[in-house]
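Shown next, in structure tokens, is the structure this report addresses.
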Amino acid sequence: MEKVGGIILGKGQRKPNRLINEKSPYLLQHAYNAVDWYPWGEEAFEKARKENKPIFLSIGYSTCHWCHVMAHESFEDEEVARLMNEAFVSIKVDREERPDIDNIYMTVCQIILGRGGWPLTIIMTPGKKPFFAGTYIPKKSRFNQTGMMELVPRIKEIWNRQHEEVLDSAEKITTTIQDMIVESTGEGLGEDTIAEAYNDLLNSFDPGYGGFGRAPKFPTPHKISFLLRYWKRNGNPEALDMVEHTLDNMRSGGIYDHLGSGFHRYSTDNMWLLPHFEKMLYDQALIAIAYTEAYQISGKDLYKETAKGILDYVLRDLTSPVGGFYCGEDADVEEEEGKYYLWTIEEVMSILGPDDSELIIKMFNLKRGGNFEEEIRGRKTGTNLFYMVHSPGSLAAELEIPVEEVESRVKSALGKLLKARYERKRPSLDDKILTDWNGLMIAAFAKGFQVFREEKYLKTAEKAADFLLETLYSPEKRLLHRYRDGVAGISGTSDDYAFLIHGLLELYESGFELRYLKAAVSLNRELLEHFWDRESGGLYFTANDSEALIFRKKEFADAAIPSGNSFETLNLLRLSRLIADPGMEKTADRLERAFSKLIKKAPSGYTQFLSALDFRLGPSYEVIISGKRESPDTVNMLEELWSYFTPNKVLVFRPEGENPEIADLAEYTKEQLPIEGKTTAYVCQNYECQLPTTETREMLKLLNV
């Protein structure tokens with residue numbers, strides 16, 4: 001065995017393939033496969049053209065459970081590898097490193113199969129045009145699914161005997177998809193679209209356990225954030241009930257890590273009990289924001305504890321010493337999914353002793369024979385997954401002890417179990433630092449600082465932002481996508497720009513360091529220059545000078561991660577108000593119209609877009625706080641402002657004195673001086689400014705909170 005880049009590689013006697021020189025942990029995991037993998041690049045395509053072989057393209061990521069299964073079953077198997085090496089030139093891609101490639105071929109898969117997922121399997125011509133799409137493929141055929149042992153020879157035979165027909169089919173598939181993704185602009189959106197999205201979510205809501213739709217159930221926190229804005233706009237208690245019911249059940253279920261905090265990627269059942277165990281950075285960021293905003297509205301300590309727990313988990317386990325945040329943690333340990341998180345009763349009792357064990361066993365429904373069923377085999381394993389079946393209050397009543405005692409003992413017991421868990425073999429860490437996901441996490445830490453008054457959250461966000469702005473730039477001063485092992489690389493996507501701008505705006509509105517606002521303005525200019533569709537509006541996923549793929553695509557739907565176009569719509573609106581640039585608002589209008597026809601067809605699939613629409617429709621506010629940053633009056637005014645859920649606002653700090661630096665960006669702030677030496681709030685709503693006030697209560701009244 002050999003360790004390369006933090007990944008254990010099953011070397012044996014085999015020489016490494018070309019993936020050994022890559023930076024991606026996922027690609028390194030396959031560096032000693034029996035399959036002769038190539039990274040994506042001209043070398044592979046030239047070989048395919050020269051030898052007249054089709055390309056076998058396999059796309060996955062390092063924390064993907066079924067990617068591991070297919071690798072162990074087929075790509076490490078000498079028999080399968082021999083067939084693949086004879087028939088194909090095989091390319092392995094990390095979807096997190098190359099989301100541009102993944103987006104293109106996932107679209108192909110979804111159109112051909114009507115579904116998609118990872119591992120993603122595409123077979124295509126040396127010209128990159130696909131003629132076969134699949135996801136996980138077993139080694140041998142079973143349950144009417146063709147296996148690799150049968151599929152590879154069949155493809156080889158068809159390629160050799162019906163070559164022209166295959167090329168013609170690939171050409172038609174590519175042309176059909178190109179025609180399907182052409183957008184046409186529409187009219188602007190209104191409140192009726194917001195209402196329709198709400199009704200769609202209401203109809204798909206699970207009244208039993210919260211969330212939307214059936215199993216598998218994903219957190220989709222951007223839907224939660226949309227519902228909170230809908231509640232703010234309409235005062236509809238049902239919207240808030242949907243949010244709280246979902247957040248409560250997610251927090252008590254097995255999808256939440258009750259020992260170490262953080263959320264697993266999704267639940268395989270509708271009750272949030274049995275997760276797929278990988279932990280992804282983007283989930284932590286977006287879910288932390290949802291719980292933080294819910295806390296602002298409800299004041300529920302559970303939401304505060306959950307949001308802070310997520311942030312502390314990221315600080316503890318996913319933060320790089322250089323400042324950025326790692327991608328996530330794997331689901332598997334020693335080829336067993338969830339092994340790191342599962343416990344026997346005997347293990348719990350040996351660590352906690354009889355009294356505290358009884359408490360934990362009751363609260364989390366631990367069983368002698370185990371409560372965990374393997375998803376694949378559907379059988380008990382004798383181990384337990386933690387999920388909460390008693391609240392501290394109900395358990396205190398049952399045991400007839402004070403609730404404070406239950407809370408204290410449970411917290412102590414979980415801490416002991418977490419300490420013991422750290423002694424176990426840990427899931428592998430995907431230690432890539434991705435610009436887009438880091439932008440989301442910066443926003444989450446900035447929001448956490450505002451609401452929870454934790455200085456460490458602000459410092460963490462600032463350190464990450466400084467690292468990205470200093471390191472993830474090319475010599476041509478263009479944003480890059482990935483950093484790992486001391487090397488930054490891969491051209492940035494529109495998501496990288498839009499998500500980082502979003503994080504920088506949240507960071508500016510937290511610590512008021514002007515360099516972050518300046519960076520956001522500069523990045524936004526760069527984004528529009530290289531990604532904007534000047535004919536139809538909207539952002540392409542790749543830049544105008546990026547590698548040419550079979551077509552250039554725009555991402556606009558809000559799936560597990562919201563789209564860059566959604567975030568950029570809100571970025572433009574916020575920037576236009578922050579620096580008083582009406583041109584950015586016009587661009588936001590064009591961006592909205594670029595996708596409005598699609599949004600109207602299925603509004604609940606675009607909830608991040610609709611959060612931007614909610615801001616645009618208003619009421620929205622510009623708040624300028626003028627005074628000394630560290631004065632008690634300023635601190636009190638900001639803390640009061642941040643304690644309320646007022647999402648549709650921008651916040652500017654104007655230091656006292658003549659010609660402040662902020663006026664170079666936002667000239668209108670030049671004359672907004674403190675009144676009589678007191679911290680002063682200037683509040684404008686929908687292009688109308690109210691009289692300034694030095695009273696915090698009056699400021700809040702102007703904001704309708």
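- A side-chain donor from one of Arg18 and Tyr38 sits under 3.5 Å from a side-chain acceptor of the other.
- With Glu336 contributing its side chain and Asp332 its backbone, the two residues share no donor-acceptor pair below 3.5 Å.
- In this structure, CD1 on Ile20 lies 15.5 Å from CH2 on Trp37, to the nearest 0.5 angstrom.
- In this structure, Arg482 pairs ionically with Glu97, as a charged nitrogen and a carboxylate oxygen lie closer than 4.0 Å.
- For Lys217 and Trp272, the positive end sits near the middle of the six-membered ring, less than 6.0 Å away and at most 45° from its axis.
- A side-chain donor-acceptor contact under 3.5 Å links Asp496 to the backbone of Thr493.
- At a threshold of 4.5 Å between non-hydrogen side-chain atoms, the residues Ser267 and Leu273 do not count as touching.
- One finds the CD1 atom of Ile91 at 12.0 Å from the CD1 atom of Ile122 (value rounded to the nearest 0.5 Å).
- The nearest pair of heavy atoms linking Cys109 to Gly134 is SG-O, 4.1 Å.
- The backbone N or O of Phe263 sits less than 3.5 Å from a side-chain atom of Gln284, completing a donor-acceptor pair.
- Note that CD of Glu278 is 9.5 Å distant from NE2 of His264, once rounded to the nearest 0.5 Å.
- Within a 6.0 Å radius of CZ in Arg142, other residues, nucleotides and ligands contribute more than 12 heavy atoms.
- Asp330 and His68 are linked by a side-chain donor-acceptor pair at a separation below 3.5 angstrom, with hydrogens and angles left out of the test.
- The closest side-chain donor-acceptor pair between Glu568 and Asn571 falls under 3.5 angstrom.
- Classification of the Trp437-Tyr282 ring pair by plane angle, with boundaries at 30° and 60°, yields perpendicular.
- For the residue pair Trp40 and Glu547, a side-chain donor N or O sits within less than 3.5 Å of a side-chain acceptor on the partner.
- Residue Asp495 holds its CG atom at 9.5 Å from CZ of Phe531, rounded to the nearest 0.5 Å.
- Ile158 is listed as a side-chain neighbour of Val166, based on a closest heavy-atom distance under 4.5 Å.
- For the pair Arg98 and Asp94, the salt-bridge criterion is not met [side-chain N within less than 4.0 Å of a carboxylate O].
- Every pair passing disulfide (SG to SG under 2.5 Å) that includes a residue from residues 22-67 is listed here, sequence neighbours excluded: Cys64-Cys67.
- Proximity of Tyr497 to His530: side-chain heavy atoms (C-beta onward) are nowhere separated by under 4.5 Å.
- Within a 6.0 Å sphere centred on CD of Glu535, other residues, nucleotides and ligands contribute 12 heavy atoms or fewer.
- A distance-only check finds a donor-acceptor pair linking the side chain of Ser141 to the backbone of Gly147 [under 3.5 Å].
- Each of Tyr340, Tyr266, Tyr341 was checked for a ring-ring contact (aromatic ring centres under 6.0 Å, His included) with Phe277, and the lone residue meeting it is Tyr341.
- The only member of Arg593, Lys553, Arg590, Lys554 that meets salt bridge (charged side-chain N to carboxylate O under 4.0 Å, His left out) when paired with Asp533 is Lys554.
- Under 3.5 Å, the side chains of Thr435 and Asn438 contain no donor-acceptor pair of N or O atoms.
- A salt bridge is absent between Glu529 and Arg525; no separation between the charged side-chain nitrogens and carboxylate oxygens falls under 4.0 Å.
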Exercise for the section: List the steps and the verdict of ring-ring contact (aromatic ring centres under 6.0 Å, His included) for Phe467 and Tyr483. Expected result: CA-CA 10 Å; Phe467 170 75; Tyr483 173 93; 4.9 Å; yes
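- To the nearest 0.5 Å, atoms CZ (Phe75) and CZ (Phe56) are separated by 4.5 Å.
- What you find for Glu96 and Cys327 is that their closest heavy atoms are OE1-SG, 3.8 Å.
- In plain terms, the two heavy atoms of Gly213 and Asp206 that are nearest each other are O-CB, 4.5 Å.
- For Ser24 and Glu22, the side-chain atoms include no donor-acceptor pair closer than 3.5 Å.
- Side chains of Asp558 and Ser566: a donor-acceptor N/O pair is present below 3.5 angstrom, by distance only.
- Ring pair His276/His65 is tilted by interplanar angle, where 30° to 60° counts as tilted.
- Interatomic distance, CG of Asp436 versus CG of Leu479, reported as 9.5 Å (0.5 Å rounding).
- Using a 4.5 Å cut-off on side-chain heavy atoms (C-beta onward), Leu528 and Leu539 make contact.
- Leu549 and Asp100 get closest at one heavy-atom pair: CD1-O, 3.8 Å.
- No side-chain donor from either of Arg484 and Tyr326 sits under 3.5 Å from a side-chain acceptor of the other.
- A side-chain N or O of Lys92 and one of Tyr26 form a donor-acceptor pair less than 3.5 Å apart.
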